[in-house]
Each structure stands twice: as C-alpha cells, then as structure tokens.
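Just so you know, residue 1 is the first one in the sequence shown, and it goes up from there. Not measured: the values here are computed from a predicted model.
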Amino acid sequence: MQTSDSIVIIPTYNERENIENIIRAIFGLEKVFHILIIDDGSPDGTAAIVKSLQTEFTDQLFILERKGKLGLGTAYIAGFNWALQHQYDFIFEMDADFSHNPNDLPRLYKACHEEGADVAIGSRYVSGVNVVNWPMGRVLMSYFASKYVRIITGMPVHDTTAGFKCYSKEVLETIRLDKIRFKGYAFQIEMKFTAYKCGFKITEVPVIFINRELGSSKMNSSIFGEAVFGVIKLKINSWFYKYPQKK
C-alpha cells in the first residue's frame, strides 16, 4: 500500500477514451497521489474501466458512482467531503481529458506544501495566454470572462474560472461547503471567491492548457453564461454573508 497526503478528484461523464491514460499518468509521477473518480452514470462504461483498474491500484484508486449528471459543483462537493473524511491534507481538482497536464500536479503541491499557499491555481492567464488548440473565439470569451470576474469580485486572481487546483484541507474545512450554490463553471469562481473572502492565500501557478483530443467537451454557452452572470449575484450576496475566517 502506498500512502499519500494528497488526492486528485476527477469528475467524469463519458471519458472512456481518456480515463485509463490519465490514471496511469498520475500514478506514474514520482510524487505519490491517490485518485478519486466521481462518475455521473457515464453510459459509455467509464466507471467499469475505473473499477477494473482498482484491482491493480488497490488502496490508491477510488470511485464514487452517481446516478445521472448532477453538475460539476455537486461532484466536487461530494469528492471534497469524501477526501476530508479520509483525512487527506491536500485535495486537487483536475479534468480527465489531459487539458490539465498531470506533470503540473507536483508544482501545485509544492506551492501549497512548501511555499505557503492555501489554494494553488493552475493558471492559464497569469503569464500571458497559455491555451493551445482552442478556437480564438473561445480563448477571448474565457480570457475576458476572467477579467470581468476579477473586476466585479475584486479577487487578485487572473484565471478565475480555472478548474485545475490544489486546496489545503483547512480551506475545505473552513468553507461551508453546504453554502456553495453554483453547480456549473460558476462553481469554480464561487470556490475561489469564498476562499479569498475567508482570508486564505491564493497562488497562481502558470500552466499550459491543451484542448482535449479525445472525447467531447462539456462546455456550452449556458454553462459559461452562469459563470458570467452569476458573478453579480455572488458579489451582492457577499455584502450580507459573514464568511468564516482562516484560523
């Protein structure tokens, strides 16, 4: 059994083309990570592939199966609660499709474990625009949405919608996870904003984001619209909500 202080949470829906490769890539790193897959009833057999790999990676690979697509935010909240119950010190968010490079996981870990960050963000925009193989329209939409969120919220974060992150367990223990309201990509903004309002140190680690080669993207305009327009509601609500503070 290989113990670890870190677990990578990967939500999946129809990722059979990627899931085994991403799992093996993470387990091939020098730093030992555990993995928790949150599968929302993928009809393509993603969960079956994960369960077959559990015989090889005993006590390192875990899966929570849910019935149907219940939203990105609820998947991560379920994963966070599971990770806290199992006493991991560092909890990561990551996509299954290799848009987030597994080789960057140790860099995010170092930012929290050695350099004092409470939240480390794998950032596309902290050092220019580091996105590969996205249509220009999507790059511009994402980049200016992050700028917009930064202006509205006042967060000192360049990549406000990033989904590649490391949290120290203290962040997730302090944030009232049952108060997180958004389920789509606005969830990523709400988590960062809440951590910021709770007084946690947020660091951006520059990464290169590469658009998926296999499988289909789950992003659409309504999901992105939630992220853009939900920010105003998030900011207004923050005027009336007393955030718990970092100890």
Practice prompt. Would you please test Ile9 and Phe92 for side chain to side chain contact (heavy atoms under 4.5 Å, CB included) and show each step?
Written response: CA-CA 6 Å; Ile9 301 173; Phe92 294 74; over 6 Å; no
Worksheet entry | CA sep, side-chain torsions, deciding dist, call: Arg124, Thr161, side chain to side chain donor-acceptor pair (under 3.5 Å) | CA-CA 10 Å; Arg124 298 164 291 186; Thr161 61; 2.9 Å; yes
Fill in: Check against side chain to side chain donor-acceptor pair (under 3.5 Å), Thr74 and Arg66
CA-CA 10 Å; Thr74 66; Arg66 309 197 305 168; 3.0 Å; yes
Item to complete: Would you please test Asp104 and Val205 for side chain to side chain contact (heavy atoms under 4.5 Å, CB included) and show each step?
Response: CA-CA 9 Å; Asp104 289 323; Val205 177; over 6 Å; no
Practice prompt. Determine, stepwise, if the pair Gln188 / Glu93 fulfils side chain to side chain donor-acceptor pair (under 3.5 Å).
Written response: CA-CA 10 Å; Gln188 304 290 11; Glu93 293 185 13; 3.1 Å; yes
Practice prompt. Begin from the C-alpha positions of Arg16 and Asn14 and carry the test side chain to side chain contact (heavy atoms under 4.5 Å, CB included) through to its verdict.
Written response: CA-CA 6 Å; Arg16 65 171 296 120; Asn14 287 350; over 6 Å; no
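For Leu140, the CG atom counts as densely surrounded, since its 6.0 Å shell holds more than 12 non-hydrogen atoms of other residues, nucleotides or ligands. Heavy-atom neighbours of Lys147 NZ from other residues, nucleotides or ligands within 6.0 Å: at or below the threshold of 12. With a 6.0 Å radius and a threshold of 12 heavy atoms from other residues, nucleotides or ligands, Gln87 has its CD atom at or below the threshold.
Between Ile210 and Phe98, the closest side-chain pair of non-hydrogen atoms is not below 4.5 Å. The closest side-chain heavy-atom distance from Val119 to Ser168 is not below 4.5 Å. Contact of the Val8 side chain with the Leu105 side chain is registered, since non-hydrogen atoms from C-beta on lie closer than 4.5 Å. No side-chain heavy atom of Ile208 sits less than 4.5 Å from a side-chain heavy atom of Asn101. Counting only heavy atoms from C-beta outward, the side chains of Leu61 and Ile23 approach each other to under 4.5 Å. The closest side-chain heavy-atom distance from Phe90 to Tyr167 is not below 4.5 Å. Side-chain contact check for Ile91 versus Lys169: some heavy-atom pair is nearer than 4.5 Å.
Side-chain atoms of Ser52 come within 3.5 Å of backbone atoms of Ile49 as a donor-acceptor pair (strictly under, hydrogens ignored). Distance alone, capped at 3.5 Å, is enough to place a donor-acceptor pair between the Asp39 side chain and the Ser42 backbone. Panel note: side chain Arg176, backbone Glu173; no donor-acceptor pair is recorded below 3.5 Å. The main-chain N or O of His100 is never found under 3.5 Å from a side-chain atom of Asp95 such that the two would form a donor-acceptor pair. The main-chain N or O of Trp82 is found under 3.5 Å from a side-chain atom of His86 such that the two form a donor-acceptor pair. Without hydrogens or angle criteria, Glu204 side chain to Ile121 main chain gives no donor-acceptor distance under 3.5 Å. Using a distance-only test at 3.5 Å, with no hydrogens or angles considered, a donor-acceptor pair links the side chain of Ser4 to the main chain of Val32.
Partners of His158 under the ring-ring contact (aromatic ring centres under 6.0 Å, His included) rule, at least two apart in sequence or in another chain, do not exist in this structure. For Tyr241, the ring-ring contact (aromatic ring centres under 6.0 Å, His included) partners are Tyr243, not counting sequence neighbours.
Taken from CZ in Phe164 to CE in Met94, the straight-line distance is 4.5 Å, to the nearest 0.5 Å. Rounding to the nearest 0.5 Å places CE of Met191 at 4.5 Å from CZ of Phe80. Note that OG1 of Thr174 is 8.5 Å distant from CG of Leu172, once rounded to the nearest 0.5 Å. Atoms CD and OG1, from Glu15 and Thr46 in turn, are 6.5 Å apart once rounded to the nearest 0.5 Å. Put simply, CD1 on Ile10 and CD1 on Ile19 are 5.5 Å apart, with the number rounded to the nearest 0.5 Å. Separating the CD atom in Glu170 from the CD1 atom in Ile175 is a distance of 10.5 Å, to the nearest 0.5 Å.
Looking at every heavy atom in both residues, Lys192 comes nearest to Ile202 through O-CD1, 3.7 Å. Nearest heavy atoms, Ile37 versus Ile35: CD1-CG2, 3.7 Å. Closest approach of Asp159 and Ser123 over heavy atoms only: CB-OG, 3.4 Å. Scanning all heavy atoms of the two residues, the minimum distance from Leu36 to Ile63 falls at CD1-N, 4.0 Å. Scanning both residues, Gly122 and Leu108, for their nearest heavy atoms gives N-CD2, 3.7 Å. Pairing each heavy atom of Pro244 with each of Cys198, the nearest pair is O-SG, 2.9 Å.
Under the 4.5 Å side-chain heavy-atom criterion for Ile, Leu, Val, Met, Phe, Trp and Tyr, Trp239 and Ile151 are members of distinct hydrophobic clusters. Hydrophobic clustering, with ILVMFWY side chains joined whenever heavy atoms are under 4.5 angstrom apart, keeps Val126 apart from Ile189. Leu177 and Phe193 fall within a single hydrophobic cluster, where Ile, Leu, Val, Met, Phe, Trp and Tyr side chains are chained together by heavy-atom contacts under 4.5 Å. Clustering ILVMFWY residues whenever any of their side-chain heavy atoms sit less than 4.5 angstrom apart, transitively, puts Tyr196 in the very cluster that holds Ile152. Hydrophobic clustering (side-chain heavy atoms under 4.5 Å, transitive across Ile, Leu, Val, Met, Phe, Trp, Tyr) keeps Leu64 apart from Leu70.
Within the cation-pi definition used here (under 6.0 Å to the ring centroid, within 45° of the axis), Lys69 qualifies as a partner of Tyr13.
Residues Lys246 and Asp118 are paired through a salt bridge, judged by an N-O separation under 4.0 Å between the basic side chain and the carboxylate.
Residue pairs meeting the salt bridge (charged side-chain N to carboxylate O under 4.0 Å, His left out) criterion with at least one member in residues 24-38, sequence neighbours excluded: Asp5-Lys31, Glu20-Arg24, Arg24-Glu56.
Ring-centre distance between Tyr143 and Tyr125: below the 6.0 Å cut-off. Taking the six-membered ring wherever Trp is involved, the centroid distance between the rings of Phe27 and Phe33 does not fall below 6.0 Å.
Ring planes of Tyr88 and His34: perpendicular class, angle over 60° (limits at 30 and 60°).
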